[in-house]
Amino acid sequence: MAAPVRDREALQRLSFLFQAAHWVLPHSPALARFYCSTQRAAARRLVLRLAPSVKRAVCRRCCSLLVPGAGGGLRLRGQGQPRIVLRCQSCGRSRRYLCQRELHPPGQATPTGPPQRTAQRNLYLATEQ
C-alpha cells in the first residue's frame, strides 16, 4: 500500500493550474504563462517536486507552455542517439531530450525488414523438424 500524500490539496491546486494553462493557451497565451509561473512558484514555496512530464512541458526561461504548434516547436534530431528538440516560440530557448529508440517486441515486423525470430522460436522450430 502506498504512503499517504502529504499535501494533497497543494498537488490538486498545481494540477488545476497546469490543466487551466492548457485550456486557456489557444485564447490567451499570456494567461497560460501566468498560470504556469504561479504553478512553479507554488511548488517552490511548498517544496514539492513537479513530475518530469510537467517540467518538460513548461519553458524554464519564460514559463510558457511548450505545446507543439501553439507555444513551442518539436523536432527530431541526431544521427546516432536521437534527440527531441523543443523550442519555445516566445523566448527562443531550446531544450534537448534524449529519446529511446523504438523497441519492437520479438516476432513483430520492424521498419527495416520482416519479423525477426527469437532464440526460443528458433528452438521450437528446430524441435518440430
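What you see is a predicted model; the values in this text were computed from it and never measured. Heads up: numbering here begins at 1 and tracks the sequence.
When side chains are defined from C-beta on, Cys59 counts as touching Cys91, because their heavy atoms get closer than 4.5 Å. Side-chain contact between Cys62 and Cys88: present, with at least one pair of heavy atoms (C-beta onward) separated by less than 4.5 Å. Looking at Leu86 and Ser94, their side chains never come closer than 4.5 Å, going by heavy atoms from C-beta outward.
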* To do: Verify side-chain contact (heavy atoms from CB on, under 4.5 Å) between Val58 and Ser64, making sure each step is shown before the conclusion.
  => CA-CA 6 Å; Val58 178; Ser64 61; over 6 Å; no

* Steps toward side-chain contact (heavy atoms from CB on, under 4.5 Å) verdict (Ile84, Arg75) -> CA-CA 6 Å; Ile84 295 174; Arg75 288 187 174 189; over 6 Å; no

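Distance CD/Glu9 to CG/Leu14: 12.0 Å, rounded to 0.5 Å. The CG atom of Leu66 lies 9.5 Å from the CD atom of Gln89; values are rounded to the nearest 0.5 Å. Within the model, atoms OG1 of Thr38 and CZ of Phe18 stand 14.0 Å from one another, a figure rounded to the nearest 0.5 Å. The CZ atom of Arg13 lies 12.0 Å from the CG atom of Asp7; values are rounded to the nearest 0.5 Å. Rounded to the nearest 0.5 Å, atoms OG (Ser15) and CD (Gln39) are 8.5 Å apart. Note that CZ of Arg40 and CG of Leu50 are 8.5 Å apart. Values are rounded to the nearest 0.5 Å.
Leu11 and Phe16 fall into different hydrophobic clusters, defined by Ile, Leu, Val, Met, Phe, Trp and Tyr side-chain heavy atoms under 4.5 Å apart, directly or through other members. A continuous path of Ile, Leu, Val, Met, Phe, Trp and Tyr side chains, each step under 4.5 Å between heavy atoms, connects Phe34 with Trp23, placing both in one hydrophobic cluster. There is a path of hydrophobic side-chain contacts, each under 4.5 Å, that joins Val54 to Leu25.
At a cut-off of 3.5 Å, with distance as the only test, no side-chain donor of Arg33 or Tyr35 sits close to an acceptor on the other residue.
Between the side chain of Arg60 and the backbone N or O of Arg93 there is no donor-acceptor pair closer than 3.5 Å.
Contact record, Ala32 with Val24: N-CG1, 4.2 Å, taken as the closest heavy-atom pair. Between Val85 and Arg96, the shortest heavy-atom contact is CG2-CG, 3.9 Å.
Under a cutoff of 6.0 Å and an axis angle of 45°, Arg56 and Tyr97 form a cation-pi pair.
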